[in-house]
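Heads up, the thing below is written out as C-alpha cells.
All of these numbers come straight from a predicted model, not from anything done at the bench. Per chain, numbering begins at 1; letters A, B, ... match sequence-line order. Values below: all heavy atoms of this structure, side chains included; hydrogens, waters and symmetry mates excluded.
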There are 2 protein chains.
Amino acid sequence: MTITIYDVAREANVSMATVSRVVNGNPNVKPATRKKVLDVIKRLEYRPNEVARGLASKKTTTVGVIIPDMSNIFYAELARGIEDIATMYRYNIILSNSDQREDKELQLLETMFGKQVDGIVFMSEHVSIDLLNMMERSPVPIVLAGTIDATGHMPSVNIDYHQAAFEAVNRLLQNNHKRIAYVSGSLSSTINRAFKFTGYEKALAQAGIELDNDLVVESEATYDAGYTAFNKLKSINDAPTAYFAGNDELAIGLIHGVQDAGLNVPNDVEVISFENSKLARMVRPELTSVVLPLYDIGAVSMRLLTKYMNKEKIEEKTVILPHRICERNSVK
Amino acid sequence: MTITIYDVAREANVSMATVSRVVNGNPNVKPATRKKVLDVIKRLEYRPNEVARGLASKKTTTVGVIIPDMSNIFYAELARGIEDIATMYRYNIILSNSDQREDKELQLLETMFGKQVDGIVFMSEHVSIDLLNMMERSPVPIVLAGTIDATGHMPSVNIDYHQAAFEAVNRLLQNNHKRIAYVSGSLSSTINRAFKFTGYEKALAQAGIELDNDLVVESEATYDAGYTAFNKLKSINDAPTAYFAGNDELAIGLIHGVQDAGLNVPNDVEVISFENSKLARMVRPELTSVVLPLYDIGAVSMRLLTKYMNKEKIEEKTVILPHRICERNSVK
DNA sequence: GTGAAAGCGCTAACAA
DNA sequence: TTGTTAGCGCTTTCAC
C-alpha cells in the first residue's frame, strides 16, 4: 500500500492542501503545522508521486535527450555535460539512442512528447527537413547540442567548425606541406561536409594549393577506418605528407598505419586531429588536436534549455563556443 | 491546446472508453468503429499523455538506470546494452550519474522511486549496507549490472571475476614470470578487492610464489595511473617482468611507460589487461586481455529486470556470464 | 461491443 | 494560515 498525501493529511489533522504546501516549500504555512506535517511525512515515509504531480502541474521535471550512440566516447562526453547541468537544475534525463536513423529520431521525439518531457536536447549528424518540421511544431523547447540545423531556426550550441578546420589545416600548411589529406568521417554529416571540409578547402585555396579529391577520404569515424585510409593513400602518386583527421580515433588509426609502414610521425608524416578526447594522450606521439569542448557543449545546451523552459529571455539562440588547438607531438 | 482522449471521443461520436480501447489495442471494438476512431486520432494528431496513463495504470514504462559515470567508456558500454534491451521491450530509461558517491546513490534511488519507474538497473563499485537496505525495501524490482552485492540478496549479472583474474595471471605465469605486478583500480571496489585480487593471489599461491605487497599498486583506473605505476615499479629491487592490469586504460599507460623507458612489450615486459574495450586494439602492441562482455552484462541485466517487472518466473537470480581471454600481442 | 463513472495522487484556484 | 473543490488525462470496472 503506497501512502499518499491524503494519508499524511489525515494523520496530521490538516487538509491535503496544507500537506501539499509543506511538500512544495510554500511559505504560507505556520511553522508549527509545518513541523507537524513534516513529522508525519517522516513517520509514514511519505514520498510524493511525481507522476501525479506531473499530471496536475503539467511539468515533469524531466528532459529528453536523443543521442546517436551513448557508447561512443564523443557523445558520451556531451551527454555527461547535459546530465550534470540537468541535475543541477533538478531535472532528470530520459536518454535514448537513435543510431542516426531518421525514423528512430522521429519516433523518439514522438515518444518524448508523449512522456510529457519539459524539453529536449537533440544530437545528430544530420537534421532532415522532416525532423525540422517536427521540431518546430514541438510542444516543448528543443535545443541542438553539437549539431547543425541548416535553417538556423533551432537553438543550438556548437563551435565554429569551419574556422577550426581552417586553422587545423593551416597548422599543417605552416610546416610547408603541399599534399594534405582530409580523412573525414561520413560526409553525410553536416559538420563534416559543410564546415570541416570547406575549412580544409579554404585553407588549401588560400595557400594556393589545388584541391585533390583523391586526398579526401570519407569513411567511418573509427580507428580501423583511419588505419585503412592511410594504407590506401600511402601508395598513391605523390602521397600525402600530412593528414587532417576528423576525430581522434581516425587520427590514431592513421598514426599506427604510418608506423606499421615503417615511417615516423611527425618526421615523415604529420597528423592533426579534431576532438581532443582523452584518447589524444593515449598514443605515441600524442595528438596535436583541435579541442572540441564536448562536455561544455552539452552543459551549455542544457543550460540554454533551462532558460527556454523557464521562459527566460534568451540572449543568444545560436551559441558558438570558443575552440583552440592543443599542441602535442603529432605535428612538428 | 493539447488535445485529449475526450476530444477524440467527441469527434468520433464514441465514449472515451472506446477511444482508450483502440489506443490500447483492446480487441473488443468493432472494426468499423475502430477505423472511425483511428481516423479521428490521425486527423486531430492525438497523442496519448503517458503521464496520465501512468497515473491511472500505475505503470510508467520507464526504468531508472544509476551509473557511476556515463562518460566512462566502461559504463557507457554497459548502459548501451541496457538501453537496447529496454527499447526492445518498449521501456524508456532515466539515466543518472552517481559518481560512486553513496549519498548520491541513495538520493537517486529515492528520486527514481518518486518518479514511479517500473524497475531499476543499478551499477556501482561498492554497494553499502545502507544501499542494500534501501534496495530491499524498494517498491520496484532492482537488478545489479556488473556490480557485486556481498549478501547475494539482489538479482545481478556479472562474470566470474575471481576466476577470470586467476586465468589472466596464470597466462602470465605460463611464461615463467616470477615477479608479476597487479595494477588495480581502487581497492574499495568490491570486484577489484574481493575477486580480482584474490584471483591474482590464488594464481601466485598455486605457482608457489609468495605474494609481494609491493607489487600490488592501487590507483585510479586511468591511463596516467598506469603510466605512473610502471614508473614506480620499474626501479624497485627485482622489478616485475609482467603486469596484470585492472583495465585497458591502465594497461595502455603501463605499456607506454615501458616503452618510454626504452623497453619492449612483450619482450622485456608482458602486460595482460582486463576489459577488452575497443581501446585494446588501439595500442601497439595490441592488448591481450580478459574480455569483459560489458554490453552483454547490460543487456542481460535489463532482460532480467523485464522478467521481474512482468512477474515472470526467474530461473537464475544471480547470473554469471562466460568470459575468455583474447590473445593479442602484449603477452607472448 | 460500448458507455458511464469512479478513481489514480496531486496542484491550484478560490474561499474562508 | 488553512480548507474545499475542481480538475489534470487516462484506465478500468461494471452495466447495458
E315(A)/K307(A) under salt bridge (charged side-chain N to carboxylate O under 4.0 Å, His left out): CA gap, chis, key distance, verdict: CA-CA 10 Å; E315(A) 333 253 280; K307(A) 288 183 182 166; over 6 Å; no

Quick one: is [X] getting a side-chain N or O under 4.0 Å of the [N] phosphate, OP1 or OP2?
X      : N      : value
T33(A) : dT1(D) : no
Y6(A)  : dT4(D) : no
N28(A) : dT2(D) : no
T4(B)  : dC8(D) : no

Would you say the side chain of R47(A) and the base of dG9(C) hold a donor-acceptor pair, judged only by whether the two atoms sit under 3.5 Å apart? no

Do R34(B) and dG1(C) share a donor-acceptor pair, side chain to base, under 3.5 Å? no

Can you check the [X] [atom1] to [N] [atom2] distance for me, whole Å?
X       : N       : atom1 : atom2 : answer
D7(A)   : dC10(C) : CG    : C1'   : 13 Å
N26(A)  : dT11(C) : CG    : C1'   : 11 Å
N49(A)  : dG7(C)  : CG    : C1'   : 14 Å
R21(B)  : dG1(C)  : CZ    : P     : 10 Å
F113(A) : dG9(D)  : CZ    : C1'   : 19 Å
I5(A)   : dC8(C)  : CD1   : P     : 14 Å
Q116(B) : dG9(C)  : CD    : C1'   : 9 Å

Distance alone, cut at 3.5 Å: any donor-acceptor contact between the side chains of [X] and [Y]?
X       : Y       : result
D130(A) : S128(A) : no
D84(B)  : Y295(B) : yes
Q100(B) : S124(B) : yes

Given K115(B), which of T60(A), T62(A), N49(A), T61(A) fulfils the side-chain hydrogen bond (donor to acceptor under 3.5 Å, both in side chains) condition? T61(A)

Those residues that, when tested against T306(A), pass side-chain hydrogen bond (donor to acceptor under 3.5 Å, both in side chains) (two or more places apart): R303(A)

Those residues that, when tested against E312(B), pass side-chain hydrogen bond (donor to acceptor under 3.5 Å, both in side chains) (two or more places apart): N310(B)

Salt bridge flag under 4.0 Å for residues R101(A) and D99(A): no

Can you tell whether the side chains of R10(B) and D7(B) come within less than 4.0 Å, N to carboxylate O? yes

Where at least one partner belongs to residues 149-158 of chain A, residue pairs that pass side chain to side chain donor-acceptor pair (under 3.5 Å), sequence neighbours excluded: E136(A)-H153(A), D149(A)-T151(A), N158(A)-Y161(A)

Are side-chain heavy atoms of L109(B) and M135(B) found at a separation under 4.5 Å? yes

Quick check on contacts: within residues 50-60 of chain A, what sits under 4.0 Å from DNA chain D by heavy-atom distance? L55(A), A56(A), K58(A)

I need the residues from residues 10-20 of chain B with at least one non-hydrogen atom less than 4.0 Å from DNA chain C; give them sorted by number, or say none. N13(B), V14(B), S15(B), A17(B), T18(B)

Evaluate R137(B) against E45(A) for salt bridge (charged side-chain N to carboxylate O under 4.0 Å, His left out), listing each step before the verdict. CA-CA 12 Å; R137(B) 306 177 58 216; E45(A) 298 187 324; 2.8 Å; yes

Angle between the two end axes of the helix from dG1(C)-dC16(D) to dA16(C)-dT1(D), five base pairs per end, rounded to 10 degrees? 30°

